[in-house]
Amino acid sequence: MNSSMLLSVVTFVYAFVSVLYIGSWTFKKEIMAKVGLYVLIAGFVGNTLGIILRWIESYQMGYGHAPFSNMYESLVFFSWTVAALYIFVEFKYRERIIGVFATPLIFLAIAYASLSPSIGDRITPLIPALKSNWLIAHVITCFLGYAGFAVAFGFSIMYLIKPTDHKNGGLTARLPSLALIDELTHQMVMFGFLFLSIGIITGAVWANSAWGTYWSWDPKETWSLITWLIYATLLHLRMMRGWDGKQIAWVSIVGFMAVLFTYFGVNLLPGLHSYA
Amino acid sequence: MKHSSNQGCVSDFVVDRTGSEYGPPVAVYIKKHGYLRILVGFKGKSGMTSRKKKFGSNNGVWKFFTSVKLTVFVLLILAATSIIGTLIPQNASQGFYLQKYGEVFFSLFKGLNIIDMYHSWWFLTLLGLLAVNIIVCSIDRLQTTWKIIFPDKVSFNLERFNRMPAALRFDCEKEADVLEKACHKLLETSVGPVSVKKNDGGTALFAEQRRWTRLGVYVVHLSILFMLAGAVIGSMLGFKGFVNITEGETTDFIEARKGEHKHIPLGFSVRCNDFSVSFYDTGQPEEFKSSLTVIEGGKEVLTRDIVVNDPLRYRGISFYQSSYGTASAKNVRLKYTSKDSGMVYEKTLSFKEPLILPESGGTLILDRFANGYQFRGHNLGEGFVGRIVPEKGSETEIFISVRFPTFDKMRQGKFAFEVDGFDKKYYTGLQVNKDPGVWYVYFGFILMIAGCWITFFMSHQSSCIYITGGDGRQSRIMVSGFAHRNPQGMKLKIEKLAEKIKDI
């Protein structure tokens with residue numbers, strides 16, 4: 001079994017996780033979310049093994065590099081970081097159903113990697129520009145940042161569709177309290193912001209050691225800065241202007257759109273990052 | 001009371017008394033924009049609420065720069081305008097813009113500096129505005145919060161702990177003085193130095209930790225100033241340039257990237273000893289490597305190999321591997337066919353070495369290697385430029401293409417020349433930078449990470465255990481606390497503390 005096959009299996013495990021979480025919410029069965037968590041952990045273990053296996057395979061092919069070098073590998077790693085962060089949040093806050101909108105993101109990323117015909121899963125050698133120890137630090141921190149914003153996005157969607165009127169007892173009333181979702185969104189944004197900052201910084205230090213300039217306004221750099229500015233605005237609005245709830249949820253959604261553009265949209269534009 | 005309303009900054013507290021915010025407070029709740037804003041005033045010694053006048057508090061310009069609205073405005077405008085430069089390619093040639101956008105848009109772009117927008121006056125003005133905003137805000141807020149961060153004396157207010165919704169109350173089957181001793185120890189080890197206050201009802205134990213974390217947000221703001229300062233220093237005292245050095249050759253100057261390729265002297269010389277490029281089986285390049293020697297005062301000081309991601313640094317100037325190309329050639333193996341006899345001849349030739357052609361064809365002299373020879377508007381790529389000097393008449397310039405071996409046949413000359421092979425002489429393309437501001441930027445990076453960590457994940461926490469003696473062995477306990485941010489985390493901490501007390 002090679003890593004691509006293993007990761008394809010993981011895709012289906014994650015699909016099942018999404019079904020369980022969404023099901024637990026629609027059918028009001030907490031047991032489904034409980035099972036969902038364990039299936040998610042199983043998928044996460046598979047995801048981890050898949051990444052390690054791919055790393056080993058790259059050594060066997062004689063290339064020997066960390067599996068963070070193309071779109072396929074980055075999407076698989078994106079799923080991994082979102083899964084890791086979500087599992088951590090669920091264990092820390094002991095809230096089951098908050099995964100309704102976060103777990104589908106884990107599935108969607110890896111499904112896009114496995115199923116899209118435009119994304120090849122072949123292991124390719126590293127181009128000279130990527131041969132640096134900074135690659136691992138840069139990719140891991142950036143993706144932790146993206147994961148924080150992705151989970152915050154899931155929580156924000158949940159906040160917006162949950163009615164404030166608890167009496168109707170509908171589907172959405174089953175979700176955790178608004179105050180908790182709001183607090184968790186904020187926690188995730190802060191986590192994402194810290195790691196996006198570290199990601200941009202490691203990228204800048206790397207660029208300085210590879211090209212002699214820590215900032216060159218290449219589209220990916222600029223879009224990561226735009227994302228950073230939007231979340232910096234969110235933090236100022238919350239901490240200094242007292243915004244919360246729906247207002248913050250909308251800003252968080254706008255911020256995540258910027259994350260998606262930084263991640264995918266920029267590949268349509270020319271620049272140093274056009275390989276990933 | 002909403003805690004997050006003062007997260008990251010304590011500007012919502014108006015404190016004008018030496019001491020801490022835990023003195024007898026006069027709390028005013030003002031509902032604004034659907035959230036609660038807390039203003040806590042303190043009674044001074046005279047018993048009157050006094051306000052020391054802050055620097056710049058009456059100045060309109062100062063007030064403008066302290067507003068968070070301005071911060072949000074500048075951040076969003078920076079984000080929005082930055083998009084433009086990612087959609088319209090920057091610093092391309094004039095022809096490119098004219099072809100892609102037309103005359104009208106080109107003059108518009110030029111007028112608004114959009115073709116180099118990140119260095120335009122208006123973008124730099126926005127960055128300057130951000131810097132002034134940060135400086136003024138920080139000075140303004142530090143004036144009011146310095147006393148909170150570094151109080152002369154920390155005092156606690158039991159009432160405030162009592163009011164906290166997170167406060168836990170429970171009974172304990174132990175005598176009050178036993179519990180007091182144990183709780184004192186517990187608080188000391190888990191939080192910090194304990195201060196004790198006795199009243200007629202019982203004993204209150206207070207402790208606090210990480211008061212200094214309130215400075216975190218100022219560290220973040222300072223980090224941005226360091227980065228901006230580093231960028232200014234770099235652009236004023238540094239340079240960005242490039243140089244191509246052919247294998248075996250030496251240079252003591254480079255060309256600036258901007259400003260009509262102005263020459264910049266290095267102050268020393270650099271020789272390229274050797275350049276090599278290797279490829280993977282897939283045809284992708286694996287490594288570009290140059291061997292460089294620094295020569296200063298006629299002496300070889302340093303010899304090093306550089307690859308992409310591993311530059312040579314000397315006297316504050318860095319040399320980065322950035323490109324390569326074929327500069328010249330040696331040992332050119334020529335094949336030439338006579339049109340008349342059909343005979344094929346071969347000869348290995350160097351530049352300027354005359355080749356006497358057979359069949360009274362005259363003499364061929366190779367003059368130079370051409371990298372991208374233009375012929376009737378077409379780029380023929382690599383090749384050799386030479387001339388044929390006939391025994392009688394004027395000489396003819398010829399081009400022998402590497403890529404198109406039959407090219408010279410079209411000339412219909414006495415001989416058709418083609419290149420059978422040659423040894424390449426490479427040049428290495430180096431990016432050469434000097435940036436004395438980079439260390440300020442790096443220091444800013446460290447401050448940014450440390451400051452964000454402190455601001456987001458650490459808080460100033462105060463804890464209190466209040467023990468009231470009951471009948472005989474029964475005691476009543478209240479555990480409470482508050483933090484200047486992350487109330488959820490503080491709640492968990494209080495719960496843990498309560499668990500430990502129950503285990504005593």
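Lettering follows sequence order; numbering is per chain, from 1. Since the structure is predicted, the reported quantities are computational estimates derived from the model, not experimental observations.
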*Enter the distance from Asp435(B):CG to Asn208(A):CG here, rounded to the nearest 0.5 Å.*
7.0 Å
_Given heavy-atom pairs under 4.5 angstrom as the criterion, report whether the side chain, backbone, both or neither of Phe445(B) touches chain A._
both
*Report the C-alpha distance between Tyr320(B) and Thr213(A) in whole Å, list the side-chain angles of each, state the deciding distance to 0.1 Å, and finish with yes or no for side chain to side chain contact (heavy atoms under 4.5 Å, CB included).*
CA-CA 10 Å; Tyr320(B) 301 87; Thr213(A) 167; over 6 Å; no
*asked:* Can you tell me if Trp250(A) has over 12 outside heavy atoms packed within less than 6.0 Å of its CH2?
replied: no
*How many angstroms lie between atom OG1 of Thr233(A) and atom CG of Leu75(B), to the nearest 0.5 angstrom?*
4.5 Å
*asked:* Please classify the contact between Glu286(B) and chain A as side chain, backbone, both or neither, with a heavy-atom cut-off of under 4.5 Å.
replied: both
*Shortest non-hydrogen separation from Thr222(A) to Ser82(B) and the atoms involved*: CG2-O, 3.6 Å
*So which part of Phe319(B) gets closer than 4.5 Å to some heavy atom of chain A, the side chain, the backbone, both or neither?*
neither
*Is the number of heavy atoms from other residues, nucleotides or ligands within 6.0 Å of CG (Asn91(B)) greater than 12?*
yes
*More than 12 non-hydrogen atoms from neighbouring residues, nucleotides or ligands closer than 6.0 Å to NZ on Lys289(B), yes or no?*
no
*So does Phe96(B) have more than 12 non-hydrogen atoms from other groups sitting under 6.0 Å from CZ?*
yes
*asked:* Tell me if the aromatic rings of Phe123(B) and Trp217(A) count as close, with their centers under 6.0 Å from one another.
replied: yes
*Considering only heavy atoms, which portion of Leu235(A) lies under 4.5 Å from any heavy atom of chain B: side chain, backbone, both, or neither?*
side chain
*At a heavy-atom separation under 4.5 Å, does Phe261(A) approach chain B through its side chain, its backbone, both, or neither?*
neither
*Atom group of Trp228(A) that falls short of 4.5 Å from chain B, counting heavy atoms*: side chain
*Does a donor on one side chain and an acceptor on the other come within less than 3.5 Å for Asn309(B) and Trp206(A)?*
yes
*chain A: which of Ala79(B), Ser322(B), Gly451(B) shares the most heavy-atom pairs with it under 4.5 Å?*
Ala79(B)
*Using 30° and 60° as the class limits, which term best fits the ring planes of Phe191(A) and Phe457(B): parallel, tilted or perpendicular?*
perpendicular
*Heavy-atom closest pair, residues Ser209(A) and Arg313(B)*: CA-NH2, 4.1 Å
_Contacting moiety of Asp281(B), where chain A heavy atoms sit under 4.5 Å_ = neither
*Report the distance from atom CG of Leu492(B) to atom NZ of Lys92(A), rounding to the nearest 0.5 Å.*
7.0 Å
*Inter-residue atom distance Leu229(A).CG - Thr81(B).OG1, 0.5 Å rounding*: 9.0 Å
*Considering only heavy atoms and a distance below 4.5 Å, find which of Leu225(A), Val205(A), Ile230(A) pairs most often with chain B.*
Val205(A)
*At what distance, to the nearest 0.5 angstrom, does CD1 of Ile201(A) lie from OG of Ser223(B)?*
7.5 Å
*Do Arg141(B) and Met240(A) come close enough that some side-chain heavy atom pair is under 4.5 Å?*
yes
*Could you grab the distance from atom OG1 of Thr71(B) to atom CG of Leu237(A), nearest 0.5 Å is fine?*
10.0 Å
*Could you tell me which portion of Val307(B) (side chain, backbone, both or neither) has an atom closer than 4.5 angstrom to a non-hydrogen atom of chain A?*
neither
*Sort Ala231(B) into side chain, backbone, both or neither according to what part of it lies under 4.5 angstrom from a heavy atom of chain A.*
both
